[in-house]
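For reference, the structure discussed in these notes is given below.
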Amino acid sequence: MHRFARPTVCLCYPPKNSNGNLNFVSRKEQFLSLLKDCSSIKVLNQIHAQIQTYGLGRDGYVMSHVLRFCALSSPSGDLEYARSVLYHALDRITSSWNIVIRGYALNDLPREAIAVFLEMRSRGVKPNKLTFPFLLKACAHLSALQEGRQIQADAVKHGVDSDIYVQNTLIHLYGSCGEISDARRVFDTMFFRTLVSWNAIITAYVGKSLLDDSVRLFTEMIFCGYEPDEASMVVLISACSELGNLSLGRWAHCQVIEKGLVINCRLGTALVDMYAKCGAVGCARMIFDRMRERNVWTWSAMILGLAQHGLAREALDLFLEMKNCSVQPNHVTFLGVLCACSHAGLVDEGYQFFHDMTHVHGIKPRMTHYGAMVDILSRAGRLKEAYKFIFDMPTEPDPVVWRTLLSACSIHDADGNSGIREKVRNKLLHLEPTRSGNLVMVANMYAEVGLWEEAANMRRVMREEGQKKMAGESCIEIGGHSHRFFSGDDSLVDCEIIYNFLDGLNLNMMAINHE
DNA sequence: GTAGGGTTAG
């Protein structure tokens, strides 16, 4: 109540100058200080009404403070209110438009940010160098390449394209859209660069999976005398996790400690993800447990890491713990949860989680979630159910979903499922008639049941299409050295021992299966 | 004339 009372008192008894009139400047200052102390939209409404009464509703400076509160203070801000104030009260003050664009961009409403910019342009308000960074960020968020290019042209038109902030966000935009050559062009033409420029271009390379290049750029950055910060390390570490390069990842972790960088939420999450992806799930857990602040991404990375290592029980326990900590799961969390169900053969639980994801948490399933459900059903050998599940999907299934089921068809006994196998095979070949991986899988399936002519036919299609299946490739790190090897590779040292060991493993698994 | 910006997570 106290907060509500104070502005009213001030407004009723405004200071007066020697003539007994309200001093205009001091009234303005008074409103500014009220706005500074403003605590809620309700109070703001009162102040705003008073501002209008005193004829200051079109004062750019005062109104920019009103808008600042509406658009940028969370969680009590109100962007729609800000937009209506902007559209009705002000028309030509660039900074006010910038604030609202910024508010939308920061609150994950990129479409609205772009809409406000278009409105601004249609009213003939000139943008300045501060208009573009958040606007371009909004485009990056949407991967809106065309709009981004047009906005870049607008920045050029207004002579602000050489601004460092604009250029850095342009790199970010092109990186987010996967346009690495455009990102690089901006980076190369920069007269002056900052650490952020380097971070942005390296991120662009990592996003495009050009991992060796990204590590090279990182080295170049250090060579140029830049001190990597938290953001640089996050990018490098995520490159390591995609490369599966544990020793480089460890080196990066050491650098973080040596440089005394703060392991914030993002950096911690990157480390958890890297250790998990590089097979050191124990290290991932250690980092996770030591983190003081965790968000949904941190929990998700850990849950997915555990699930992918077959530690299904631990993954699901962690999911419960996360909910107990009142952290709202997102689509990645559920991917981890479904992955855990798939590894542990928990079909009913999988269904339940899928249901909860949609109906309790309001998360719209993505193709990867459908894929995970099909994987759960397929691994459990419930092929008919998997087929029905795909059939009932509201969107057109992608080839990955069909491939999951088709490979399950070849693993599980075909009894009673041959009809499904035919259908799935036809669907997949219809969607991707020339993909070598599909043709090989189908050819092998024919061969297994002795349909040699059909198998040969598939191989012929492959030849005619000029396709050669890329050999499966992987790498393993032993004693700090990375060893790359291929499927069926017989050039390895001790290759005979390795293959004998693998055969032994297969026999053991078959024996367990028949117990 | 006043105020205001960028990069980082499966």
Side-chain angles (χ1 to χ4, degrees), chain A residues 25 28-29 32 35-36 59-69 71-72 93-103 105-106 127-137 140 160 163-173 175-176 183 186-187 190 193-204 206-207 214 221 226 228-239 241-242 256 261-274 276-277 291 294-305 307-308 329-339 366 368-369 372:
Chain A
V25 175
K28 240 168 116 165
E29 279 167 2
L32 292 181
L35 287 166
K36 221 178 262 171
D59 183 293
Y61 189 41
V62 174
M63 289 314 288
S64 73
H65 277 81
V66 172
L67 288 168
R68 174 169 311 286
F69 184 86
L72 300 178
I93 295 153
T94 304
S95 63
S96 301
W97 292 87
N98 291 350
I99 288 169
V100 180
I101 291 172
R102 193 171 146 218
L106 284 174
N128 62 17
K129 62 177 183 178
L130 296 139
T131 312
F132 293 100
F134 276 106
L135 189 62
L136 290 168
K137 194 184 163 123
V160 295
D163 180 76
I164 182 85
Y165 287 78
V166 174
Q167 289 181 319
N168 286 345
T169 350
L170 276 170
I171 298 173
H172 171 56
L173 165 78
S176 302
V186 177
F187 182 79
M190 285 172 90
R193 293 181 190 128
T194 62
L195 182 60
V196 175
S197 324
W198 285 92
N199 289 349
I201 191 71
I202 297 171
T203 308
V206 174
S214 70
M221 176 183 90
Y226 290 89
D229 65 355
E230 281 88 356
S232 325
M233 297 315 287
V234 169
V235 185
L236 179 68
I237 290 165
S238 55
S241 95
E242 215 179 307
V256 168
L261 295 173
V262 180
I263 300 196
N264 59 21
C265 218
R266 284 189 176 227
L267 190 46
T269 305
L271 284 168
V272 168
D273 178 57
M274 182 274 292
K277 290 270 162 61
M291 280 172 72
R294 305 169 189 145
N295 63 12
V296 60
W297 295 100
T298 325
W299 288 92
S300 305
M302 193 67 248
I303 291 170
L304 195 61
Q308 284 171 335
N330 67 9
H331 63 280
V332 185
T333 325
F334 277 103
L335 201 62
V337 168
L338 293 175
C339 178
R366 302 183 179 199
T368 45
H369 298 112

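Letters go in sequence order (proteins before strands), and every chain restarts at 1.
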Exercise. Regarding A/Asn128 and A/Thr94, is there a side-chain donor-to-acceptor distance under 3.5 Å anywhere?
Worked result: no

Exercise. How about A/Asn295 and A/Thr298: does a side-chain donor come under 3.5 Å of a side-chain acceptor?
Worked result: yes

Exercise. Base, sugar-phosphate, or nothing for A/Asn98, non-hydrogen atoms under 4.0 angstrom?
Worked result: base

For this session: Answer with base, sugar-phosphate or nothing: what part of the nucleic acid does A/Ser95 contact at a heavy-atom distance below 4.0 Å?
Result: base

Exercise. Among the nucleotides B/dG5, B/dG1, B/dT7, which one has an atom lying closest to any side-chain atom of A/Lys28?
Worked result: B/dG1

For this session: Quick one: label A/Ser238 by what it contacts on the DNA or RNA (base, sugar-phosphate, nothing), any heavy atom closer than 4.0 Å.
Result: nothing

For this session: Just call it for A/Lys277: base, sugar-phosphate, or nothing, with non-hydrogen atoms closer than 4.0 Å on any strand.
Result: sugar-phosphate

For this session: Measure from the side-chain heavy atoms of A/Thr169 and tell me the nearest of B/dT7, B/dG5, B/dG4.
Result: B/dT7

For this session: Just compare B/dT8, B/dA3, B/dG5 and give me whichever is closest to any side-chain atom of A/Ser64.
Result: B/dA3

Exercise. If you look at every strand shown and take non-hydrogen atoms under 4.0 Å, does A/Asn295 touch a base, only sugar-phosphate, or nothing?
Worked result: base

Problem set entry | A/His369 side-chain N/O to A/His331 backbone N/O, donor-acceptor pair under 3.5 Å | yes

Exercise. Within the structure shown, what part of the strands sits under 4.0 Å from A/Leu130 by heavy-atom distance: base, sugar-phosphate, or nothing?
Worked result: base

Exercise. When you measure from the side chain of A/Asp163, which nucleotide among B/dG5, B/dA9, B/dT7 comes out closest?
Worked result: B/dG5

Exercise. Sequence neighbours excluded, which residues qualify as ring pair (Phe, Tyr, Trp, His ring centres under 6.0 Å) partners of A/Tyr165?
Worked result: none

